[in-house]
Amino acid sequence: MALGNREINKLRFLLILSLVCLPAFAETKKTLLDCPLSDGTTASLLSTSNEDGQRLFVKLNNQTETAFTDMPDSDFVGEIALAKCTGSVLIYAMNYGSPYLKGAVLRKNPDSGTLERIDFAEKALPVSLYLSAREMRLVIPNDGYEIPEKFVVYDYITPKGQPEEPKGVNTVPDKKGFKVIDLK
């Protein structure tokens, strides 16, 4: 069955109408926090909400992506447990129903301007963030007791990045050479 000009025009009209209306049906992202970074750019924490909770996104350099880029195929929806801008660093965490809180720390390296990131998942929120030009260190109490040590430490070391696994320690790391930010 061949379509006539009238049917083709109707289809074109419906296609154009649906494309024009599509943004109206897209989830609106609300800005939760704007965080000025060391190079003068801004990282924004955004969210969408529905009956199941919030979904987080990060906008940086006019690009918006899921807040949890280490697990891009996972859909994290829940309640925000931490959202903070401190020391030119954006840090956030979400409670998504698991016993674990999923979070990340983002900054632009003060010397190179390179984006640096720590991704974490623990049962407790971070208590301290250590910053230097070469390293970020995130300290979290070990509430899960999967390891015998008292604290779990996530590192980001320039230019290597974040190691595969965090390390366990029994005392908070030495502050020498770091600016230490209390996150409690």
Side-chain angles (χ1 to χ4, degrees), residues 22-23 26-50 52-140 142-144 146 151-168 181 183:
L22 188 60
E27 289 183 314
T28 304
K29 291 179 179 72
K30 177 180 146 190
T31 301
L32 301 175
L33 181 65
D34 287 324
C35 186
L37 303 178
S38 64
D39 68 347
T41 60
T42 299
S44 298
L45 185 62
L46 313 173
S47 77
T48 59
S49 297
N50 63 32
D52 296 326
Q54 293 176 295
R55 185 175 284 113
L56 296 179
F57 301 87
V58 173
K59 182 178 180 182
L60 184 62
N61 300 328
N62 286 326
Q63 298 222 340
T64 303
E65 60 186 12
T66 178
F68 305 108
T69 57
D70 61 323
M71 300 178 75
D73 296 331
S74 297
D75 187 25
F76 293 98
V77 177
E79 297 301 317
I80 297 168
L82 173 66
K84 191 176 240 184
C85 178
T86 182
S88 298
V89 176
L90 175 63
I91 181 168
Y92 53 89
M94 171 176 274
N95 181 346
Y96 60 97
S98 163
Y100 289 94
L101 299 162
K102 179 79 177 132
V105 179
L106 301 172
R107 80 164 179 176
K108 292 276 186 98
N109 182 286
D111 292 340
S112 68
T114 305
L115 182 66
E116 298 177 338
R117 176 185 186 103
I118 294 175
D119 294 293
F120 64 92
E122 295 297 331
K123 291 182 179 177
L125 288 171
V127 292
S128 300
L129 178 62
Y130 289 57
L131 300 172
S132 75
R134 285 204 62 240
E135 190 172 354
M136 287 192 300
R137 180 174 285 162
L138 190 65
V139 180
I140 304 172
N142 181 20
D143 286 353
E146 287 103 1
F151 299 97
V152 179
V153 177
Y154 285 81
D155 282 313
Y156 185 100
I157 302 169
T158 303
K160 296 178 191 174
Q162 182 176 348
E164 268 306 301
E165 295 291 327
K167 62 185 173 204
I181 299 170
L183 298 173

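Computed over heavy atoms, backbone and side chain alike; hydrogens, waters and symmetry mates excluded. Throughout, numbering of the chain's residues begins at 1 and tracks the sequence.
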Inset, instruction - Check the pair N50 / R55 against side-chain contact (heavy atoms from CB on, under 4.5 Å), numbers first and verdict last. - result: CA-CA 9 Å; N50 63 32; R55 185 175 284 113; 4.2 Å; yes
Inset, instruction - Start with the C-alpha gap between V127 and L183, add the side-chain angles, then the distance that decides, and say whether side-chain contact (heavy atoms from CB on, under 4.5 Å) holds. - result: CA-CA 5 Å; V127 292; L183 298 173; 5.7 Å; no
[X] and [Y]: which non-hydrogen atoms are nearest, and at how many Å?
X: V139; Y: F151; result: CG1-CD2, 3.8 Å
X: Y156; Y: L115; result: OH-O, 4.1 Å
X: P99; Y: K123; result: O-CG, 3.4 Å
X: A81; Y: L101; result: CB-CD2, 4.0 Å

Legend entry - Qualifying disulfide bond (SG atoms under 2.5 Å apart) pairs, either residue in residues 104-135, two or more places apart: none
Could you state the interatomic distance from [atom1] ([X]) to [atom2] ([Y]), rounded to the nearest 0.5 Å?
X: I91; Y: I118; atom1: CD1; atom2: CD1; value: 8.0 Å
X: Q162; Y: D70; atom1: CD; atom2: CG; value: 8.0 Å
X: K30; Y: Q54; atom1: NZ; atom2: CD; value: 7.0 Å
X: N95; Y: L125; atom1: CG; atom2: CG; value: 9.0 Å
X: L32; Y: F57; atom1: CG; atom2: CZ; value: 11.0 Å
X: I181; Y: Y130; atom1: CD1; atom2: OH; value: 11.5 Å

Legend entry - For S88, all residues meeting side-chain hydrogen bond (donor to acceptor under 3.5 Å, both in side chains), sequence neighbours excluded: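 By the side-chain hydrogen bond (donor to acceptor under 3.5 Å, both in side chains) rule, S88 matches no residue at all.
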Donor-acceptor contacts, no H, no angles, side chain residues 103-113, under 3.5 Å, sequence neighbours left out:
unit_1, atom_1, unit_2, atom_2, d
R107, NE, E116, OE1, 2.7
R107, NH1, S132, O, 3.0
R107, NH2, E116, OE1, 3.0
R107, NH2, S132, O, 2.8
K108, NZ, D39, OD2, 2.9
N109, OD1, D111, N, 2.7
N109, OD1, S112, N, 3.0
N109, ND2, E116, OE2, 2.8
N109, ND2, A133, O, 2.7
N109, ND2, T158, OG1, 3.4
S112, OG, T114, N, 3.2
S112, OG, T114, OG1, 3.0

Any side-chain heavy-atom pair from [X] and [Y] closer than 4.5 angstrom?
X: P166; Y: V153; answer: no
X: F68; Y: S74; answer: no
X: E146; Y: V152; answer: no
X: K102; Y: Y100; answer: no
X: L138; Y: L129; answer: yes
X: T41; Y: L60; answer: yes

Inset, instruction - Please collect all side chain to side chain donor-acceptor pair (under 3.5 Å) contacts where either partner lies in residues 57-66, sequence neighbours excluded, each pair once. - result: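 Every candidate side chain to side chain donor-acceptor pair (under 3.5 Å) pair involving residues 57-66 fails, so no pair, neighbours aside, qualifies.
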Legend entry - side chain to side chain contact (heavy atoms under 4.5 Å, CB included) partners of I157, counting only residues at least two apart: R134, E135, D155
Legend entry - Non-neighbouring partners of A67 that pass side chain to side chain contact (heavy atoms under 4.5 Å, CB included), sequence neighbours left out: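 Applying side chain to side chain contact (heavy atoms under 4.5 Å, CB included) to A67 gives L56, V58, Y92.
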